[in-house]
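Below: one structure, written as structure tokens.
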Amino acid sequence: MSAYPVPDASGFIKLDAMENPFDLPAPLKAQLAQRLTDVLLNRYPVPSYRAVKEALSAKLGVPEGCPVMLGNGSDELIHLVLQACAKPGAVALAPLPGFVMYEMSARLNGVRFVGVPLAANFSLNLPAMLMAIAEHKPAVIFIAYPNNPTGNLWSDSDIEQIVRAAPGLVVIDEAYHPFAQQSWMNRLAQFDKVLVMRTLSKLGLAGIRLGYMAGSARWIEQFEKVRPPYNVNVLTEAAALFMLEHLEVLDAQAAQLRSERTRLFDALRQMKGVTPHPSAANFILTRVPDAAGWMAGLKARGILIKNVSGMHPLLSGCLRLTVGTPQENDRLIAALTELAKA
Ligand SMILES: Cc1ncc(COP(=O)(O)O)c(C=O)c1O
């Protein structure tokens with residue numbers, strides 16, 4: 001294994017990690033600073049995290065009666081789910097290409113990982129998924145909705161069949177919910193074995209590291225047993241509470257990114273040799289004639305994106321472009337247009 005690679009982005013237009021590119025308005029930052037000043041850094045967090053959980057539930061549509069568990073980013077929640085499921089012989093299953101942390105966390109927890117290739121058009125290969133479920137009897141299945149790095153949503157009826165076939169848990173990872181605006185959250189009551197996981201990262205708070213997961217009480221109680229008691233720090237808690245009171249600011253930024261996504265997609269479609277894949281997230285997977293060459297060409301023009309072409313055979317020639325501010329996207333479009341003409 002190698003440690004999770006994060007390139008040095010200083011001086012670049014940073015379009016490699018699906019962050020929200022917008023800063024907060026200055027008056028809001030001043031209020032936030034005041035709020036953080038009042039936090040008692042000498043005290044441990046109160047491990048129930050009641051206020052922030054209530055605010056998350058109320059503002060982000062967690063159904064009545066579904067408890068919420070918090071993680072230091074959803075990365076930690078993925079890890080804790082796998083840790084809780086890691087009895088000898090346990091299997092975790094996910095479609096591939098998918099979010100790399102499912103496999104990495106599974107391996108670190110001694111859980112065997114089974115990846116099921118997507119169809120060539122990046123839709124779920126439902127027969128292959130159902131066969132793999134029957135063969136490997138996974139303790140947990142991860143479904144990213146929408147998927148990273150392909151950006152698409154799956155058909156709800158495919159997910160439903162997977163849930164019905166699953167002998168264990170199904171985690172629907174809705175990290176990109178602000179951009180997809182479709183969710184399984186309101187279906188939690190229908191399917192006891194489903195957990196919905198989300199994060200505040202893509203909404204604009206990647207730096208504070210706060211993920212949350214909702215599901216039926218009997219499951220969340222089990223995962224709480226493996227959660228370190230103070231895994232979310234007091235500054236994160238206070239910042240999240242404050243931002244949930246001002247959610248309209250982040251919602252407006254997400255709306256702008258959704259419209260920039262359309263603009264970027266349309267521009268990519270016009271470029272010779274460039275094939276963007278429709279996205280419900282804040283990034284666009286794009287096939288280009290020479291992924292490594294274009295990545296280097298963008299870097300030379302001061303833009304950092306992610307070359308995912310080596311991640312999986314289905315991704316050959318693919319770059320993942322995070323949607324940036326209008327000015328950043330203008331720069332990206334200009335640079336790609338030059339590369340397409342070269
Ligand atoms: C599908 C998916 N889930 C989870 C995460 C992790 O998010 P967090 O910042 O909350 O750890 C990512 C990050 O890229 C992601 O793409």
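Counting convention: from 1, in listed order, for ligands and their atoms alike. Sequence positions, counted from 1, serve as the residue numbers for this chain.
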### Query
Can you say whether the rings of Phe99 and Tyr102 are parallel (under 30°), tilted (30 to 60°) or perpendicular (over 60°)?
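Rings of Phe99 and Tyr102: perpendicular, as their planes differ by over 60°.
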#### Entry: Short N-O contact, Lys29 and Asp23, less than 4.0 angstrom
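So Lys29 pairs with Asp23 through a salt bridge.
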### Task
Could you tell me whether Arg301 and Glu338 make a salt bridge, using a distance below 4.0 angstrom between a side-chain N and a carboxylate O?
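Salt bridge between Arg301 and Glu338, a charged N being under 4.0 Å from a carboxylate O: yes.
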### Message
Quick check on the 6.0 Å ring-centre criterion: do Tyr145 and Tyr176 meet it?
### Response
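Centroid distance Tyr145-Tyr176: not below 6.0 Å, so no.
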So what's ligand 1 close to, N/O to N/O, under 3.5 Å?
unit_1   : atom_1 : unit_2 : atom_2 : d
ligand 1 : 3 (N)  : Asp173 : OD1    : 3.3
ligand 1 : 3 (N)  : Asp173 : OD2    : 2.6
ligand 1 : 7 (O)  : Ser74  : OG     : 3.2
ligand 1 : 9 (O)  : Ser201 : OG     : 2.6
ligand 1 : 9 (O)  : Arg209 : NH1    : 2.7
ligand 1 : 10 (O) : Ser74  : N      : 2.7
ligand 1 : 10 (O) : Ser74  : OG     : 2.8
ligand 1 : 10 (O) : Thr199 : OG1    : 2.6
ligand 1 : 10 (O) : Ser201 : OG     : 3.4
ligand 1 : 11 (O) : Ser74  : N      : 3.2
ligand 1 : 11 (O) : Asp75  : N      : 3.0
ligand 1 : 11 (O) : Asp75  : OD1    : 3.4
ligand 1 : 11 (O) : Asp75  : OD2    : 3.4
ligand 1 : 11 (O) : Arg209 : NH2    : 2.8
ligand 1 : 14 (O) : Tyr176 : OH     : 3.3
ligand 1 : 14 (O) : Lys202 : NZ     : 2.9
ligand 1 : 16 (O) : Asn148 : ND2    : 2.8
ligand 1 : 16 (O) : Tyr176 : OH     : 2.7

#### Entry: Within 6.0 Å of NZ in Lys299, more than 12 heavy atoms from elsewhere
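Open: at most 12 neighbouring heavy atoms sit under 6.0 Å from NZ of Lys299.
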### Query
Can you check whether Val163's main-chain N or O pairs, donor with acceptor, with Lys193's side chain at less than 3.5 Å?
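Such a contact is found between Lys193 side chain and Val163 backbone.
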